[in-house]
Amino acid sequence: MVLLEKNYQQEKYEQYIYSLWEKAGYFNPDCISNLKLKIKNLKHFSIIMPPPNANASLHMGHAIFVFLEDIMTRWARLKGFITLWLPGTDHAGIATQVAFEKKLAQQGLTRFDLGRDEFLKQCMIFTLENKKNIEQQLKILGASCDWSRNSFTLDPKFLKPVYTIFKKLYDDGLIYRENRMVNWCSRCQTVLSDLEIKYKKEKSKLYYIRYPLKDDLKSFISVATTRPETMLGDTAIAVNPKDRRYKKMIGKTVILPLVNREIPIITDELVKKDFGTGAVKVTPSHDPVDYQIAKKHNLPLVQIINFEGVISAKGKQFARLKKDEARQKIIETLRNQNLLIKTEEYNNNIAHCERCNEIIEPMISKQWFIKMQPLAKKAIQALKNKQTKIIPKRFNKIMFQWLKNIQDWCISRQLWWGQQIPVYYCGSAQLSKLQKLMNKIKETRGCGKLFVSIDKPKICPFCGDKNNIIQDPDTLDTWFSSGQWPFNTLGWIDNAPDFQSFYPTTVMETGYDILFFWVARMMMLGIYATSKVPFKYVYLHGLIRDEKGEKMSKSKGNVVDPLSMVKKYGADALRIGLISKTAPGGDSHISEQKIIGTRNLINKIWNIGRFILSNPYANQIIKNIVFNKTDYLKQQNNNFDLASHWILSEFEKLKLDLQKHLANFSFGVAFDKINNFIWSNFADWYVEIMKIDDDLKPLRIQIGTQIFYEFLIWTHPFMPFLTEALYSEMKNIAGIKDENDLLLIKNPPPVRKKLIKDDWTKNFQKIQKVVQFTRNIHNIYSIRTPVKLFIVEKNNILKINKHIIKSFINDKIIFKKPSSKYKTITKKIDNITLYYNLEGAIDFQKEKTRLKNELLNLENQIKTKKALISNKEFIKKAPKQLVKSEKEKLKLLKNTYKQNKTFLDMLKKMSS
RNA sequence: GGGCACUUAGCUCAGCUGGUUAGAGCGUACGCCUCACACGCGUAAGGUCGCAGGUUCAAAUCCUGCAGUGCCCACCA
């Protein structure tokens, strides 16, 4: 007999247990497959971890994915699958560069002060530190991933496959370089893809400006704009061709104020008549729509804002001013020249850099793009064929819509942190001024051609030049390599055994917020590279918000830090707190309060263990179950008392529920069932019954212990540390020393369907109802002393289980109808009648009210039931089973009603 | 402008392949330190499942409309 601590102390177990798991090596599927070599047709299960960005600590968003994936992984492992959960971290191109640049800024430095090489060196140190920290945190959370396969997106080994895919796309004509209007972040000094910009509604102003006509300088055409500073780059005024107001002006020339350039008035369908004045200034270099118009009409492009967000030399007196300074100056000047008509308040939708929040400037620039339509088509096909299923389903529609309208993807970035583009130039001719400036590239001659190469080339394939080869200084969008993560981590390039065994992976579990960024691109690139979908299921989880449903953010101060929660309440408490009461794809709320609640459950289970392990026979029983594989249920030939039958039936139902809900990815519901079983059934009833001193006590302890042991295995994925801790205490008490004997890889004992019987549930529920109502009576009348309870029943179920009832209540139980000398309160439960002799404590008025209410309630129920059963359509169309049970119910209700009526009459007589 | 979701007890949320008296946790009230657990035990109060129609023998669950809330996508000066 051992005595465990009164409360579960996670700090004593968690770290130690994780080290046991790691030491045993069972996270590594190779280890398991060695154990099981004899078994044929091994099934494989794999999850590739969405690699956290290696630039900060883990937050709740990470914790949720760790827990969900760990539950899936552990469940698969228990079921005997060859299971791989492959961990990794992401260098996270722009996100990390911005984070590190913020650090540099604290020292008053920019990346250009360090230079490219030094920057990369320091940023790598920063990233590796974070990476190490994250890996430690994943272990604290209990992630059962295979560390021997740990991957980092910037591992040199990933360059070859990523470059191979780039070259293949290039050779297939799917990657191209083009001068285009792109999103430019002047803070990050790079282009961004459309997904990396976020629109925000902001209050701004709409300025109405007069442009004088060349023919008649006293006449004007007025335009409305939110960005007056861009007028320096105007190359036309456009109106809608159907706009009669401007009919006479079309084709005329205006003098662009401030710079005195002549520009034409043209027409274009894109201009809306009812906005502003109906005339729009066209600035092709700094507005996407204007760019379209300019292309159609062959207008010249005048770049007026340079890549630093400063007015260029073409802006004459405004040159070198920052955008916003220029705006003020220009407005002032226009006002002085009487060219500003008015300003209006205006709600604008303004694009910001997702990472640094800087306002995005549309710019024309030469960049690398991937042609997406052909890739998207195949992804759509695969989704339609259900080769990949998305959970929850509704995201299919969202995915289709996005894939259908997909735009080409700009994959080059002017960042330093990332994988450099595998494009080489013979001589510097094709590089932009900016590229040369930012990367200190000297002008060289060469033949001027470009080529893609997987390995670093020594000579130019076109002219044989050896000395002038320059690699494109730009890096790849971080999502380009992330998009290849599922197959590259498994060794696609070498057709490695892992790739053969684990690809396509089973589940991709991630947040819906990166559905387009990542999931869609993995689908497209996966199919492109391997001709197979990268995963069979996509499971999407929602955002984790605070208890009020608000987004967590440092500035709001409502961040709940997962690691401090683990420290306070344990990793399992946090795990359950995050997954309970959640549905796939739904946002969930977390609060310390909720975690305290789940910690209490953990402690409850711990104490059940404490109780079981403290009984004098525990060591022998556990030894028999765990070591000698004794099945106490079989030993007794499945012939137990009602309570044991009942709890076994409930337990087997729990197993079925778990199977079902885990297969459906309904983790929240699955956990609900666990909670209900262990607390409301096992602890509240069976554990109490195990304490009864009678002939059956040893048997009940055996059964209870066996159930608890099996429970630990079945629920291990939901509370891995606690269950393993309890199991290790079990081994301890049974004197088992084997450190490799871990719950982690035990097979859940099969469901014994024979033990599920509704009769047992029904009959045991009678006991529960009697106990509950008796307690209720004691409460209502504040009676703390035992009373006489007379029970009349049809069969002898309660009589046989008298001592069970007695263990829950103190009252004297007599199995016959009380004689008329007793004044009693009566209660009808199913076919059972209870009479409570409360001696002088009966409050007749109170009791009359109670009975009247009960009668009223019954009346209503009878009414609806009667209506249902007298409905011919119901009898005809409803399932027969249902009709039968409804009829029985009505009978019972009527019966109960009748009896209660007599009770009430009796009561009236007594009190009068 | 287009699309997707949500609206269930005081709070936070489950349930919705249609079928008992709609559930949980927290909170509230009352009573308990009962030898596994006060991170506990017992009892109770609390909901016409947003509104209005429809389908059906039967609707919280399916359909339509409306209202409110949230999110995503889209080039509107």
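Chain letters run A, B, ... following the sequence lines, proteins first and then strands; every chain starts at 1.
Proximity note for A:A583 (side chain, C-beta onward) versus B:A36, B:U12, B:G15: the nearest is B:G15. Of the candidates B:U21, B:C41, B:A36, the closest approach to any side-chain atom of A:R610 belongs to B:A36. Of all nucleotides listed (B:C37, B:U20, B:C13), B:C37 comes nearest to the side chain of A:N603. Taking only side-chain atoms of A:K198, from C-beta outward, the nucleotide of B:A77, B:A36, B:C73 with the closest atom is B:C73.
Note: A:W606 and A:Y8 have tilted aromatic rings, judged against thresholds of 30 and 60 degrees for the angle between ring planes.
Evaluation of the ring-ring contact (aromatic ring centres under 6.0 Å, His included) rule for A:F517 yields A:W479 as partners, not counting sequence neighbours. Legend: residues meeting ring-ring contact (aromatic ring centres under 6.0 Å, His included) with A:Y346, ordered by chain and number and at least two apart, are A:F275. Partners of A:F708 according to the ring-ring contact (aromatic ring centres under 6.0 Å, His included) rule, which considers only residues two or more places apart in sequence or in another chain, do not exist here. For A:S591, the side chain to side chain contact (heavy atoms under 4.5 Å, CB included) test picks out A:E547, A:Q593, A:K594, with sequence neighbours left out. Annotation: side chain to side chain contact (heavy atoms under 4.5 Å, CB included) contacts of A:R599 (sequence neighbours excluded): A:Y569, A:A573, A:I596. The salt bridge (charged side-chain N to carboxylate O under 4.0 Å, His left out) search around A:E196 returns A:R413, not counting sequence neighbours.
Nucleotides B:G47 and B:A9 have their P atoms positioned 10 Å apart, rounded to a whole Å. Straight-line distance between the P atoms of B:C72 and B:C16: roughly 27 Å, to the nearest whole Å. Nucleotides B:G68 and B:G54 are separated by 23 Å at their C1' atoms, to the nearest Å. Using P as the reference atom, B:U64 and B:G70 are 24 Å apart when rounded to the nearest Å. Using C1' as the reference atom, B:C49 and B:C6 are 14 Å apart when rounded to the nearest Å. Nucleotides B:U17 and B:G25 place their P atoms 24 Å apart, quoted to the nearest Å. Here the separation of B:G3 from B:A74, taken at their P atoms, is 15 Å to the nearest Å. The gap from the P atom of B:U7 to that of B:C63 amounts to 14 Å, rounded to the nearest Å.
Phosphate proximity of B:C13 to A:H589: present, with a side-chain N or O under 4.0 Å from OP1 or OP2. Residue A:W679 places none of its side-chain N or O atoms closer than 4.0 Å to OP1 or OP2 of B:C39.
Using a 4.0 Å cut-off between a side-chain N of Lys or Arg and a carboxylate O of Asp or Glu, A:K567 and A:E11 do not qualify as a salt bridge. Salt-bridge annotation for A:E5 and A:K12: present, with a side-chain N of the basic residue lying under 4.0 Å from a carboxylate O of the acidic one.
Contacts of residues 592-602 of chain A with RNA chain B (heavy atom under 4.0 Å): A:Q593, A:R599, A:N600. Within a heavy-atom distance below 4.0 Å of RNA chain B, the residues of residues 280-289 of chain A found are A:V280, A:V289.
Here A:Y346 lies in heavy-atom contact (under 4.0 Å) with sugar-phosphate atoms only. Residue A:N349 is in base contact, counting any heavy-atom pair closer than 4.0 Å across all strands shown. Across all strands shown, A:K6 has heavy atoms under 4.0 Å from sugar-phosphate atoms exclusively, and none from any base.
Under a cutoff of 6.0 Å and an axis angle of 45°, A:K691 and A:F611 form a cation-pi pair.
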Would you tabulate the side-chain donor-acceptor contacts of residues 880-887 of chain A under 3.5 Å, counting partners in other chains and residues two or more places apart, or write 'none'?
from   : atom 1 : to     : atom 2 : distance (Å)
A:S885 : OG     : A:L882 : O      : 3.1
A:E886 : OE1    : A:K865 : NZ     : 3.3
A:E886 : OE2    : A:K889 : NZ     : 3.1

N/O-N/O pairs, protein side and nucleotides 1-4 of chain B side, under 3.5 Å:
from : atom 1 : to     : atom 2 : distance (Å)
B:G3 : O2'    : A:Q401 : OE1    : 3.1
B:C4 : OP1    : A:K397 : NZ     : 2.6

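Atom CG of A:L68 and atom OG1 of A:T510 lie 10.5 Å apart (nearest 0.5 Å).
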### Message
Counting Watson-Crick and G-U wobble pairs with both distances under 3.5 Å, what is the dot-bracket string for RNA chain B, 5' to 3', using [ ] for crossing pairs and | for pairs to another strand?
### Response
(((((((..((((.....[...)))).(((((.......))))).....(((((..]....))))))))))))....
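Paired with A:Y207 under the rule side-chain contact (heavy atoms from CB on, under 4.5 Å), one option of A:R327, A:M231, A:R227 passes, and it is A:R327. The only option from A:L403, A:I398, A:I406 that meets the side-chain contact (heavy atoms from CB on, under 4.5 Å) definition with A:F516 turns out to be A:I398.
Listed by first and then second residue, the ring-ring contact (aromatic ring centres under 6.0 Å, His included) pairs involving residues 576-605 of chain A amount to none (not counting sequence neighbours).
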